[in-house]
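For this chain, numbers begin at 1 and follow the sequence in order.
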Amino acid sequence: MLRVYLDQNKWIEIARVLTAGTASEVVTMIYAAVERGYASFPLSGGHVFETWKAASAARRHALAPAMATISMNHTIAAPSKLLPGELDHAFKRRFGRPLSPLPIVPFGWGLAHSFGQPVPQLSDETRAMLREDYPNMSEQELTALIEMVLLAGPPEDLPVEGIAQPPLQFAEAFATEENEQVQRFSEHGADKDLRRRAVAARAMIDIKEPIEGAQARANVSTAEFFALGQDGATELMLDLPSRAPGLEMMWWQHDNPQTEWTPNDLNDIAYLSAAVAYCDVVVTERKWTHILNQSGVADRFHTTVTSKLDDLTELLVTASVAA
C-alpha cells in the first residue's frame, strides 16, 4: 500500500476543490485509490493542531469531512511515540543491546494513535444524539463519525464555552529561540561545521529524557554513551528515522542566515520529519520540498517529496498497477 502524507495546505486545496464542485483528476484518483485500498493518506497530530487553529467553524467543518473520508482515520504516530523504539534500535546497533528493542509502530487508526494517548471523548448525550440521527450506522461507522466530529471541533467559532484554540506559546518560543540562534551564529562567525554541531547538540538535549530511558533499557553507562564523541552523537541523531529529516531541515534553514523562523516551522519540522521517514510520498510546500530533496534525505529514506498535488496522478497509477 502506498502511504501518502499530505501537508495541511494540500488538504485545504482538496477541500476547496470539493467545495467548489469542480472536476479534478487527482482528487478523483485519490478517492479511487482509497476506495480500492491501494493507497493510504494518514493524518497526524499536526493536522489536528492545524485544523483547530482555524477559529472559523465553517472552515473546520468544510475541511474535516474531506480529511476523515480520504484518510479513513488512518494515522501516523507522533514523533515522541516513535522515538523510544528508534532509540532502542540505534543503541542496539552501537552497543549490542537492548536485546529486545521496543517496537516501532508508525501507522494505526484514530486520533488516539496519532497522539499516542487517549483523546477527549464526546459526552454520552452527544453520542446518543448521533446514534439517534444515524440509527442504521454500525458501531464502526459511528466511531469513524465521532473521529470526524473530534477533528472538526465544535460547530461554533472558537473559542467557545471554554473550548480554546491550540496554544501557540511553545511554537512562538521555538521561533524566537531559532532567530536568536541565527544572531549568535552571525556574531561568532560560526562556519557550517560549527553551526551543524550546535544544532545537533541542541536537538540531542531536547530528547535528553528519552535518551536516558534508552540507556537504562540497554544498560549503557553515561561513560559508554559519551565515548561516542561529537561525531558519534550526531550520527546517532541521524540514525533516528523520525528525527533525521528534521535535523537536516534545521541545518539547511540555519545555513541561510537570511532565514526568518516562524512558529509554523516547529509543527512542519516535527511532523514532516516522521512522514519522510515512514511514508512513501510526502506532498508539502515548496520550501520544504527543496530542502528535503537537495539535502539527500528524501533519497535516503526512498521517499518521493513533491510540492505539487498533481504529481500524485502518476504515482497513484503506478500504485494501482502494482496492486
Side-chain angles (χ1 to χ4, degrees), residues 5 7 44 46 76 78-80 82-83 86-87 89-90 93-94 170-211 214 225-226 228-279 281-307:
Y5 186 89
D7 207 349
S44 70
I76 183 169
S80 61
L82 296 166
L83 185 57
E86 293 177 346
L87 280 167
H89 282 83
R93 284 188 282 272
R94 284 157 180 78
F170 192 73
E172 290 168 349
F174 169 83
T176 298
E177 172 59 27
E178 295 309 317
N179 283 318
E180 290 175 352
Q181 186 64 56
V182 170
Q183 289 299 115
R184 288 194 288 270
F185 283 151
S186 176
E187 290 168 3
H188 293 281
D191 61 13
K192 182 174 182 177
D193 182 64
L194 180 57
R195 289 196 305 270
R196 296 198 167 200
R197 286 181 183 276
V199 171
R202 292 170 63 223
M204 180 165 279
I205 291 170
D206 286 343
I207 59 171
K208 179 176 179 289
E209 288 188 11
I211 287 175
F225 184 77
F226 283 160
L228 292 173
Q230 289 184 334
D231 290 339
T234 300
E235 289 171 4
L236 174 68
M237 292 299 296
L238 291 173
D239 199 18
L240 305 174
S242 69
R243 302 289 161 150
L247 188 55
E248 291 282 1
M249 294 161 80
M250 296 277 290
W251 280 343
W252 278 66
Q253 288 258 99
H254 274 296
D255 281 346
N256 179 4
Q258 304 306 315
T259 296
E260 182 71 24
W261 292 75
T262 71
N264 286 337
D265 288 339
L266 176 61
N267 210 35
D268 287 345
I269 290 171
Y271 288 98
L272 285 174
S273 187
V276 169
Y278 292 103
C279 292
V281 182
V282 171
V283 189
T284 184
E285 61 184 90
R286 283 196 296 266
K287 176 180 76 171
W288 299 127
T289 298
H290 173 77
I291 290 174
L292 291 165
N293 285 316
Q294 290 299 310
S295 67
V297 73
D299 286 340
R300 176 188 163 191
F301 287 99
H302 308 291
T303 305
T304 299
V305 181
T306 179
S307 62

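Looking at W261, its side chain never comes within 3.5 Å of a backbone N or O of N179 through a donor-acceptor pair. Panel note: side chain N256, backbone Q253; no donor-acceptor pair is recorded below 3.5 Å. Listed for the T234 side chain is a donor-acceptor partner under 3.5 Å among the backbone atoms of Q230.
With H254 as the fixed residue, the side-chain hydrogen bond (donor to acceptor under 3.5 Å, both in side chains) test singles out one of R195, E178, Q181: E178.
Atoms CG and CZ, from L83 and R243 in turn, are 4.5 Å apart once rounded to the nearest 0.5 Å. Atoms CD1 and CZ, from I291 and R286 in turn, are 13.5 Å apart once rounded to the nearest 0.5 Å. Residue W288 holds its CH2 atom at 13.5 Å from CG of N293, rounded to the nearest 0.5 Å. Note: L228 CG to L236 CG = 6.5 Å, rounded to the nearest 0.5 Å. Between the CD1 atom of I76 and the SG atom of C279 there is a distance of 4.0 Å, given to the nearest 0.5 Å. Interatomic distance, L292 CG to E248 CD, rounded to the nearest 0.5 Å: 9.0 Å.
A donor-acceptor contact under 3.5 angstrom links the side chains of S242 and E86, judged on distance only.
When all heavy atoms of Y5 and S44 are compared, the closest pair comes out as OH-OG, 2.8 Å. For the pair N267 and G46, the tightest heavy-atom approach, listed with the atom from each and the gap, is ND2-O, 3.5 Å. Residues V305 and A298 approach most closely at CG2-CB, 3.7 Å, considering heavy atoms. Between P257 and V182, the shortest heavy-atom contact is O-CG1, 3.6 Å. Across all their heavy atoms, A171 and L266 have their closest contact at CA-CD2, 3.7 Å. For G246 against S273, the heavy-atom pair with the smallest separation is N-OG, 2.8 Å.
Contact check for D255 versus F185: no side-chain heavy atoms found under the 4.5 Å cut-off. Under the 4.5 Å side-chain criterion, counting only non-hydrogen atoms from C-beta, L272 is in contact with V282. With contacts defined as side-chain heavy-atom distances shorter than 4.5 Å, the pair P263/F174 does not qualify.
Within a 6.0 Å radius of CD in E187, more than 12 heavy atoms belonging to other residues, nucleotides or ligands are found.
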Could you check K287 against D268 for salt bridge (charged side-chain N to carboxylate O under 4.0 Å, His left out), going step by step and ending with a plain yes or no? CA-CA 11 Å; K287 176 180 76 171; D268 287 345; 5.9 Å; no
Let me see the working for R93 and D239 under side-chain contact (heavy atoms from CB on, under 4.5 Å), right down to the final yes or no. CA-CA 10 Å; R93 284 188 282 272; D239 199 18; 3.0 Å; yes
Does the side-chain contact (heavy atoms from CB on, under 4.5 Å) test come out yes or no for Y271 and D7, once each step is laid out? CA-CA 9 Å; Y271 288 98; D7 207 349; over 6 Å; no
Dump the intermediate steps for side-chain contact (heavy atoms from CB on, under 4.5 Å) on R197 and D231, then the final yes or no. CA-CA 8 Å; R197 286 181 183 276; D231 290 339; 3.0 Å; yes
For L238 and R300, what are the C-alpha separation, side-chain angles and deciding distance, and is it a side-chain contact (heavy atoms from CB on, under 4.5 Å)? CA-CA 11 Å; L238 291 173; R300 176 188 163 191; 4.1 Å; yes
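Using a cut-off of 4.0 Å between Lys/Arg side-chain N and Asp/Glu carboxylate O, D206 and R202 are scored as not salt-bridged. Salt bridge R184/E177: present, at least one basic N to carboxylate O contact under 4.0 Å.
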